[in-house]
Amino acid sequence: MSKELEPRLLARAREVVASNTGFRDTAISPSAVDRVVRAELARGRSEKELLEELRQPGTPLSKALLDAVLVGETYFFRHPEQFRFLASQAVPAVLRRRPLALHGWSAGCASGEEAYSIAACLLGCAPAGVRVEVLGTDLHEGRLELARRGLYGTWSRREAGPLLYPVYHDVGGGRVGILEHVRAVTRFAQGNLLEPLPEGFGSFEFIFCRNVLTYFSPDSVTRALGFLASALVPGGYILLGTVEVDHPPAGLVRVGPPELQAFRRPHPSDVAPTPPRVVPRPVPTPPPLPVRAPEPPPPPVVSPVMLHLEALHLIEGGDEPGAAKVLEKLQEKHQDYLPGLLELALLRERAGMREAAFALMRTVRDKAARLPPDQIIEGPEPLPARFYRASADAFLMMGAIE
Ligand SMILES: C[S@@+](CC[C@H](N)C(=O)[O-])C[C@H]1O[C@@H](n2cnc3c(N)ncnc32)[C@H](O)[C@@H]1O
């Protein structure tokens, strides 16, 4: 029978794991802690020595404990519906305001499959000329080494949903390697979600933090979410794991159905600015005119962009059917207004009306293809015709892959 371990030592080891990772006690595997402590004792060390070492921060023993308890389960395009959302809605929405670069962060990236999937997805749907950069961070240095190597066995591909975008190629021996252009835009760094990301890493339009917070204590969830949210640009999106939070993180709003676990930092221009109050200037009273029937007022001129903005406000407020009605009206009146067609296609897709979404996307693609690629299309954000063509292509291609 194996020797009973000193309860104080085990309790201290668990405290060290909890304070370093944010894990709640029940998420720390007792057998993993037990194994590490026993391995140290088997090397001839005493329980007293181990207790002493656990009082110091960042020792080899605490690192061994972290390595043993951190679960690294991951695979390519895990939760594919979130990648579809990224490609069909989040990226087009961000590009309308920030058309030059897309920055993604896989927070708690394990061995890198998630970071590379984000990179492949962003590269797949970003129009030519848009820069893509993805950062993967994790506490586990060993897994980051695997991520940097970018070589994977069948295990990483085992449960993958549809391979939504090309991300790896066969390198023989049952292994795959990350495609060079995907690897070139992805980098990895060690980082603890309980601490703010160093400023040098900049901020992000898209943050994925999935299947990590599920192990955290409530206080650690709040702390980590605060740091994640502060790394998000206005108008940027954060995607969490399926059951990780039941309400939007502070300062963010939920986008899409609850099961999508997508949240967005509102953009200042989301709320239409209140027009300045015009104080009428006193004007001299004109001499009385002969009485005539008043002219009817001219009909108000509503531009397609104004209607589109009205629809966007309805979407933000959760009234997608209302937004669809406005966009249908917009389409009737301005059949060539590409931003409205694209928006309506995305709404149809979200409402489960796949065929209608595809028909609209084909129209977007065909109309955009007839324009010079660099022609700027007026919309809530002026964007070149090639943006609409590439977005429609990416959407249609996604349907073809599934
Ligand atoms: C189950 S994996 C999830 C990987 C990937 N996000 C996915 O959904 O497939 C969880 C990862 O979170 C990391 N992790 C746990 N606590 C962390 C913390 N406090 N800071 C940074 N990473 C942490 C673990 O090392 C592990 O690699």
Side-chain angles (χ1 to χ4, degrees), residues 14-29 32-33 36 57-58 62-83 85-86 104-121 134-149 152 155-161 163-164 167 178 186 188-198 201 204 206-228 231 238-245 260-262:
R14 300 174 73 79
E15 275 167 29
V16 166
V17 171
S19 67
N20 280 297
T21 58
F23 280 22
R24 58 180 193 286
D25 192 58
T26 48
I28 301 171
S29 154
V33 173
V36 172
S62 49
K63 186 174 175 307
L65 283 165
L66 293 194
D67 287 356
V69 300
L70 291 172
V71 179
E73 167 73 0
T74 187
Y75 44 90
F76 291 105
F77 294 108
R78 190 176 190 179
H79 308 310
E81 66 288 355
Q82 293 190 322
F83 287 95
F85 168 80
L86 179 68
W105 175 19
S106 162
C109 65
S111 38
E113 289 88 333
E114 180 179 81
Y116 287 128
S117 303
I118 298 170
C121 179
V134 175
L135 171 71
T137 61
D138 202 282
L139 200 49
H140 196 298
E141 186 50 53
R143 284 195 198 117
L144 290 169
E145 273 312 307
L146 294 174
R148 289 186 189 104
R149 221 172 293 154
Y152 298 93
W155 184 241
S156 298
R157 288 173 280 152
R158 68 204 176 283
E159 279 185 56
L163 188 61
L164 296 177
V167 62
I178 297 299
T186 314
F188 294 94
Q190 197 174 27
N192 192 333
L193 293 170
L194 297 179
E195 291 158 15
L197 191 67
F201 287 110
F204 303 86
F206 314 103
I207 299 177
F208 281 55
C209 183
R210 310 178 311 160
N211 311 299
V212 181
L213 302 178
T214 189
Y215 303 100
F216 281 28
S217 69
D219 284 353
S220 305
V221 171
T222 308
R223 185 177 166 83
L225 283 175
F227 292 136
L228 290 166
I238 185 164
L239 290 130
L240 302 177
T242 325
V243 289
E244 285 171 336
V245 299
L260 187 66
Q261 289 289 66

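Just follow the structure's listing: the first ligand is 1, and inside any ligand the first atom is 1.
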Protein contact to atom 26 (C) of ligand 1 [nearest heavy atom, distance to 0.1 Å]: Val71 O, 3.1 Å

Residue and atom name of the nearest protein heavy atom (relative to atom 6 (N) of ligand 1), distance in Å to one decimal: Gly108 O, 2.8 Å

Sidechain N-carboxylate O distance under 4.0 Å for Asp219, Arg223: no

Glu114/Arg210 salt bridge by N-O under 4.0 Å criterion: yes

Proximity to ligand 1 by part of Phe208, non-hydrogen separation under 4.0 Å: neither

Proximity to ligand 1 by part of Glu113, non-hydrogen separation under 4.0 Å: neither

Partner residues of Arg148 under the salt bridge (Lys or Arg N to Asp or Glu O under 4.0 Å) criterion, sequence neighbours left out: Glu141, Glu145

Spatial distance of atom CZ (Phe85) from atom SG (Cys121) [nearest 0.5 Å]: 11.5 Å

Straight-line distance of Ile238 CD1 to Gln261 CD, nearest 0.5 Å: 10.5 Å

Closest to atom 8 (O) of ligand 1 (judged by heavy-atom distance), picking from Asn211, Leu70, Asp67, Asn20: Asn211

Residue selection (non-hydrogen contact nearest atom 25 (O) of ligand 1) among Leu139, Asp138, Val212: Asp138

Is there at least one pair of N or O atoms, one from [X] and one from ligand 1, spaced under 3.5 Å apart?
| X | result |
| --- | --- |
| Asn192 | yes |
| Glu114 | yes |
| Leu193 | yes |
| Thr74 | yes |
| Arg78 | yes |

Pairwise side-chain contact, Ser111 with Glu113, heavy-atom cut-off 4.5 Å (strictly under): yes

Test item: Tyr215 and Val69 side chains (from C-beta on) under 4.5 Å apart, heavy atoms: no

Going by the atom numbers of ligand 1, which of them fall below 4.0 Å from some non-hydrogen atom of [X]?
| X | answer |
| --- | --- |
| Ala110 | 4 (C), 27 (O) |
| Gly191 | 20 (N), 21 (C) |
| Glu73 | 1 (C), 2 (S), 3 (C), 4 (C), 9 (O) |
| Arg143 | 25 (O), 26 (C), 27 (O) |
| Phe23 | 15 (C), 16 (N) |
| Thr21 | 19 (N) |

Trace of the side chain to side chain contact (heavy atoms under 4.5 Å, CB included) decision for Trp105 with Val134: CA-CA 6 Å; Trp105 175 19; Val134 175; over 6 Å; no

Nearest non-hydrogen partners of Phe188 and Ala115, listed with the distance: CE2-CB, 3.7 Å

Centroid-centroid distance, Phe83 to Phe76, less than 6.0 Å: no

Distance-only side-chain donor-acceptor flag, Glu244 / Thr242, under 3.5 Å: no

